[in-house]
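So the structure is just underneath, and the comments pick up after that.
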Amino acid sequence: MNKKATFSCVKDYDEQGEHLGEQPVRRVVPACDLDSFSLGDKKPTFPEQPGVTLPLCPDNQYAIFYNNNWGIARYTLYKITAAQALKAKTNPVPRPNDPWQLDKTPGKLIRIRQGSSALYQNQPFPGRYHKGHLVPVNILRYSDESVRATFTYTNCVPQIGNFNTGQWKKYELKIGKYAQDYCAPIGGTLYLITGTSQVKFDEKLNLQGEITEVDKSVDKMELFHGKVDAQQKIEIPNSMWTVGCCLNLNTNQVVGAFGVMGDNSLDKKPLNKFMMSQQNVAYVESALKLEDPTIKLFPNGKDCYLPQKNVNLNEIHR
């Protein structure tokens with residue numbers, strides 16, 4: 001067993017200064033036990049840069065590994081136990097009405113480059129980009145605290161509206177149902193990772209105009225928009241992804257795993273519908289390795305990659 005990895009935020013601090021008209025707040029931040037969100041006590045392997053990669057932990061409900069150069073999360077770690085999944089199913093906490101808040105800084109000397117209400121309200125094409133959750137409120141609807149923790153701007157990325165309300169929402173709901181109706185009943189805890197990527201997808205068409213294959217490439221991300229100061233601009237992810245692995249804590253056996261990844265670009269609805277129905281953990285990891293070959297999503301979860309453990313999310317009906 002690996003040694004426990006924890007990171008602690010300062011107990012008292014000044015949150016970053018006034019940000020696009022929103023006032024700073026002083027808060028207390030609890031220590032964050034990283035291992036409690038990671039399958040097999042081992043977080044994913046991603047390139048990390050001191051002073052750029054920021055570990056955050058909103059209200060101790062999940063972990064964010066934040067790219068402060070991009071102004072968005074690289075990935076998030078979260079989980080749902082059998083008991084939590086049951087609460088979310090039988091007594092789901094209502095979704096609050098747009099309670100988005102700035103996240104807390106991990107120290108006085110570091111300012112988090114993050115989104116804001118004004119950033120989304122003043123975009124050049126109103127409504128084109130939504131405040132896209134990484135850790136979805138739907139999965140964490142078992143307590144008021146867990147629900148509200150998902151509404152931080154460090155858990156938010158500019159997401160194409162019809163992707164957010166279309167294929168991405170479809171699979172978020174399927175993942176929630178898998179947690180509640182498949183993983184929880186066997187005493188399982190579902191470990192989840194959701195992140196952003198520079199990978200872009202393009203379709204290959206046959207003579208009939210049907211999508212037959214998908215091309216993948218890595219491209220620089222674009223800035224959200226130019227109506228704000230340069231320090232307040234954030235990147236638009238080229239794609240978004242989620243992987244999950246259900247572990248039966250009684251037997252310590254993986255009982256199911258899945259992966260899904262979609263393109264966050266305009267006019268990609270047919271492509272996302274085609275490719276998001278046939279993915280798994282190995283597919284998502286192979287796409288991310290185009291950015292860096294050292295990336296590993298479940299370092300202590302080799303069974304999450306086994307073909308016989310693959311869960312076809314497309315066959316789970318809400």
Side-chain angles (χ1 to χ4, degrees), residues 1-2 35-46 75-86 88-89 135-136 138-139 167-168 170-195 197 199 201 211-214 216 239-262 271-318:
M1 185 68 67
N2 294 320
D35 288 341
S36 66
F37 302 107
S38 304
L39 178 70
D41 295 331
K42 182 72 173 178
K43 74 179 181 66
T45 303
F46 275 82
Y75 66 92
T76 57
L77 290 169
Y78 53 115
K79 69 178 184 179
I80 183 164
T81 66
Q84 290 167 342
L86 180 61
K89 180 178 181 178
V135 176
N138 179 61
I139 301 292
Q167 290 298 307
W168 188 254
K170 172 183 175 180
Y171 283 93
E172 280 186 342
L173 293 173
K174 287 177 179 291
I175 291 168
K177 186 164 181 67
Y178 176 77
Q180 294 171 7
D181 294 350
Y182 295 85
C183 185
I186 53 88
T189 291
L190 182 60
Y191 292 87
L192 293 148
I193 316 169
T194 298
S197 175
V199 174
F201 296 88
I211 301 173
T212 56
E213 294 183 61
V214 179
K216 300 185 286 288
S239 55
M240 297 171 61
W241 53 272
T242 294
V243 292
C245 196
C246 176
L247 183 69
N248 185 325
L249 298 185
N250 296 320
T251 64
N252 204 35
Q253 298 294 312
V254 169
V255 296
F258 53 82
V260 63
M261 190 172 190
L271 174 62
N272 280 329
K273 185 176 181 180
F274 172 81
M275 72 177 187
M276 291 175 73
S277 65
Q278 46 187 310
Q279 298 170 339
N280 51 41
V281 174
Y283 179 96
V284 173
E285 184 170 284
S286 68
L288 295 175
K289 282 181 179 291
L290 296 177
E291 295 183 61
D292 190 292
T294 65
I295 289 174
K296 187 71 174 176
L297 297 175
F298 292 115
N300 276 6
K302 66 181 188 307
D303 287 355
C304 303
Y305 298 85
L306 294 176
Q308 60 267 37
K309 302 296 184 182
N310 287 346
V311 173
N312 187 341
L313 290 176
N314 203 43
E315 294 180 353
I316 294 177
H317 299 290
R318 186 68 185 175

| Does the T76 side chain pair with the main chain of T194, one donor and one acceptor, at a distance under 3.5 Å? | yes
| Is the backbone of T45 close enough, under 3.5 Å, to the side chain of K296 for a donor and an acceptor to pair up by distance? | no
| request: Considering non-hydrogen atoms only, spot the tightest contact between P44 and I193 and give its length. | output: CG-CD1, 3.7 Å
| Can you list the steps and then say if F46 with E291 is a side-chain contact (heavy atoms from CB on, under 4.5 Å)? | CA-CA 10 Å; F46 275 82; E291 295 183 61; over 6 Å; no
| message | When you measure from the side chain of K177 to the backbone of I316, do you find a donor-acceptor pair of N or O atoms at a distance under 3.5 Å? | response | no
| field | Value rounded to 0.5 Å, distance of CG in L77 from CG in L39 | value | 10.5 Å
| Can N314 and Y171 be counted as having a side-chain donor-acceptor contact under 3.5 angstrom? | yes
| field | Nearest-0.5 Å distance, CD1 of residue I175 to CG of residue L190 | value | 8.0 Å
| Closest non-hydrogen atom pair between A82 and A184, with its separation | CB-O, 3.6 Å
| field | side-chain contact (heavy atoms from CB on, under 4.5 Å) between M261 and L288, worked out | value | CA-CA 10 Å; M261 190 172 190; L288 295 175; 3.9 Å; yes
| field | Rounded distance (nearest 0.5 Å) linking atom OH of Y182 with atom NZ of K174 | value | 9.0 Å
| field | Any donor-acceptor pair under 3.5 Å from N248 side chain to V255 backbone | value | no
| request: Find out whether S197 and W241 are in side-chain contact, i.e. whether some heavy atom of one side chain is under 4.5 Å from a heavy atom of the other. | output: yes
| said: Surrounding NZ of K273 (heavy atoms of other residues, nucleotides or ligands, distance under 6.0 Å), is the total greater than 12? | reply: no
| In Å, rounded to the nearest 0.5 Å, how long is the span from CH2 of W168 to CE of M276? | 6.0 Å
| request: Measure the spacing between CD1 of I80 and CD of Q180 and express it to the nearest 0.5 Å. | output: 6.5 Å
| Distance from L247 atom CG to D303 atom CG, nearest 0.5 Å? | 9.5 Å
| said: Does V311 form a side-chain contact (heavy atoms from CB on, under 4.5 Å) with L313? I'd like the steps, not just the answer. | reply: CA-CA 6 Å; V311 173; L313 290 176; 4.3 Å; yes
| Of the non-hydrogen atoms in L290 and K216, which two are nearest, and what is the gap between them? | CD1-CB, 3.7 Å
| task | Measure across K289 and T294 and return the closest heavy-atom pair with its distance rounded to 0.1 Å. | result | NZ-C, 4.3 Å
| message | Can you tell me how the ring of Y178 sits relative to the ring of F258, calling it parallel under 30°, perpendicular over 60° and tilted otherwise? | response | perpendicular
| For the residue pair N138 and G176, what are the closest heavy atoms and their distance? | ND2-CA, 4.2 Å
| request: Please test D181 against K89 for side-chain contact (heavy atoms from CB on, under 4.5 Å), starting from the C-alpha separation and ending with a verdict. | output: CA-CA 9 Å; D181 294 350; K89 180 178 181 178; 2.7 Å; yes
| task | Please work out which of the three classes, parallel, tilted or perpendicular, describes the rings of F298 and Y305, given edges at 30° and 60°. | result | perpendicular
| What's the shortest heavy-atom distance between I186 and C246, and which atoms? | CD1-SG, 4.2 Å
| task | Using modelled atom types only, decide if a donor and an acceptor are shared between the side chain of Q279 and the backbone of V284 within a distance under 3.5 Å. | result | no
| query | So, the side chain of Y78 versus the backbone of P136: is there a donor-acceptor pair under 3.5 Å, distance only? | reply | no
